[in-house]
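A short worksheet on the structure shown next.
Starting from 1, each residue takes its place in the sequence as its number. What you see below is based on every heavy atom in this structure, not just the backbone, and it leaves out hydrogens, waters and symmetry mates.
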Amino acid sequence: MNTAIDSADPTPRYAQVEAVLASNIADGTLLPGSQLPTETALIERFGVSRPTVRRAVQNLVSRGLVEILRGKGTFVTRPKITQELTALTGFVEDMQALGRNPTARLLDKQVVAADKAVAHHLAIPAGSPVVRIQRVRLADGEPVSFDETYLPREIGEKVVTNDLEVEPIFSLLEQKYDIPLVEAEYRLEAVSAEPLVAEALGVDTGSPLFLIERTSYCAGSRPIDYEKLYYRGDMIRFVTRLARRS
C-alpha cells in the first residue's frame, strides 16, 4: 500500500512518515511485537529517500514506539507493565490488578545447602538445608520474570507438594499453612542476564534485567521467604511514591 507524502505540506517529510507509522501503531495496524516493513519497503511506500526513512524510524525509537534488534529488524515495542512498589504483594496479585493473566512454569524444586547470602536472609546457619524453587512467571503467556525462591526446609517441603504452576507461594503460606506475611525488605539492582536466566526468559545472554531481592517476614520479624526475582528490563517498570522526611 502506497501512502503519498504531501509535498505541499510544510511539515518535514521524515515527520510525516513518522506520524503515519505512529498512527499505524496506535490504531493496531502495526501490532506490538510485529516487525516494521524494511527500509526499502518504506521508501517505496512513501516515495521518500533512505535518510528520510531512517530519521523517521530513529524518532520512533526515541519515543519508545519501536526497537531495533541487531540482525533481526525493527519491531513495535510492547507496552511495559507498570508495577507499583507500595505494598507487599505477589506476582499473581500484581498481574491480576493490571488485568493481565498470570501463569507460571516450574523449572526446578529441590533441597540445597544455604550459601552465606541465603543463610543471612533467612537467619539460619550457612549450610543449613533449604528448599529452592525456580519458576518462570508469565503475563498473558509472555515470560516476565525468573523467580528463585528459598524457604526453610520445614515449610518448604510442605509447599513443594502443591502445584506451584497454579498455587502462588504467598497464598499457600498464608491460607494453607497459616503463616501471615507481615512485611518485606526489597533490594533493587540492574544486572545482565546470565545464561540460565536468559534461556528461561527467552532473551539474549547479557540482556538488561531488574533484580529484586526480597525477604518476606512473618510474625515476630521471622524471615520465612527469600527470593531473587529477575524481571525483563524490556517488559516492566517500577513506580513508587515517597513522602519527604520532615
Side-chain angles (χ1 to χ4, degrees), residues 1-85 91 94-103 105 136-146 188 190-193 197-211 230-241:
M1 178 182 70
N2 291 326
T3 304
I5 292 299
D6 186 355
S7 58
D9 188 336
T11 305
R13 290 191 170 193
Y14 73 83
Q16 293 185 53
V17 174
E18 176 189 347
V20 171
L21 293 175
S23 177
N24 290 164
I25 293 170
D27 66 19
T29 302
L30 291 171
L31 295 172
S34 66
Q35 185 171 5
L36 252 62
T38 63
E39 283 186 356
T40 300
L42 291 175
I43 290 168
E44 294 176 356
R45 174 182 173 184
F46 293 106
V48 296
S49 67
R50 191 173 300 275
T52 295
V53 166
R54 287 182 174 175
R55 184 165 181 182
V57 171
Q58 190 56 54
N59 285 353
L60 293 173
V61 171
S62 298
R63 293 167 61 182
L65 296 178
V66 303
E67 59 181 343
I68 299 173
L69 303 180
R70 289 185 180 179
K72 297 181 180 180
T74 304
F75 296 82
V76 179
T77 57
R78 294 178 173 84
K80 288 192 175 184
I81 297 168
T82 299
Q83 183 176 329
E84 294 187 356
L85 295 179
F91 182 85
D94 293 332
M95 294 304 108
Q96 289 177 341
L98 295 170
R100 302 292 188 111
N101 177 38
T103 53
R105 185 165 67 243
V136 175
R137 314 303 294 274
L138 306 95
D140 298 330
E142 185 78 11
V144 174
S145 74
F146 172 86
L188 283 74
V191 299
S192 298
V197 177
E199 181 179 0
L201 292 177
V203 300
D204 293 334
T205 299
S207 295
L209 305 176
F210 285 111
L211 168 61
Y230 297 87
Y231 284 91
R232 283 176 52 174
D234 63 334
M235 288 284 291
I236 198 162
R237 62 164 58 93
F238 296 101
V239 176
T240 189
R241 184 168 182 168

(message) Is it the case that over 12 heavy atoms from other parts of the model lie below 6.0 angstrom from the CD atom of Gln35?
(response) yes
(request) Check whether more than 12 heavy atoms from other residues, nucleotides or ligands sit under 6.0 Å from atom CD of Glu67, and answer yes or no. (result) yes
Going by heavy atoms in the side chains, are [X] and [Y] under 4.5 Å from each other?
X	Y	value
Val66	Ile25	yes
Gln96	Pro102	yes
Leu65	Leu21	no
Val48	Gln16	no
Val20	Phe46	yes

How far apart are the closest heavy atoms of [X] and [Y], and which atoms are they?
X	Y	value
Ala56	Val17	CB-CG1, 3.7 Å
Ser207	Val203	OG-CB, 3.8 Å
Ile236	Phe210	O-CE1, 3.5 Å
Ala139	Arg100	CB-CB, 4.3 Å
Pro143	Ala200	CB-O, 4.5 Å

(message) Show, in sequence, the C-alpha distance, side-chain angles and deciding distance for Met95 and Arg137, and conclude whether the side-chain contact (heavy atoms from CB on, under 4.5 Å) test is met.
(response) CA-CA 10 Å; Met95 294 304 108; Arg137 314 303 294 274; over 6 Å; no
(message) Please enumerate all residues that pass ring pair (Phe, Tyr, Trp, His ring centres under 6.0 Å) together with Phe91, with sequence neighbours excluded.
(response) none
(request) Would you please test Val197 and Val191 for side-chain contact (heavy atoms from CB on, under 4.5 Å) and show each step? (result) CA-CA 11 Å; Val197 177; Val191 299; over 6 Å; no
(request) Scan residues 16-37 for pairs that pass salt bridge (charged side-chain N to carboxylate O under 4.0 Å, His left out), counting only residues two or more places apart or in two chains. (result) Glu18-Arg63
Does any N or O in the side chain of [X] come within less than 3.5 Å of the main-chain N or O of [Y], such that one atom is a donor and the other an acceptor?
X	Y	answer
Asn101	Asp140	no
Arg50	Glu39	no
Thr77	Gly64	yes
Lys80	Phe238	no

Can you measure from [atom1] ([X]) to [atom2] ([Y]) and round to the nearest 0.5 angstrom?
X	Y	atom1	atom2	answer
Thr52	Ile43	OG1	CD1	9.0 Å
Thr240	Gln83	OG1	CD	11.0 Å
Ser192	Leu211	OG	CG	11.5 Å
Thr74	Leu69	OG1	CG	8.0 Å
Glu84	Arg241	CD	CZ	10.0 Å
Ile68	Phe75	CD1	CZ	11.0 Å

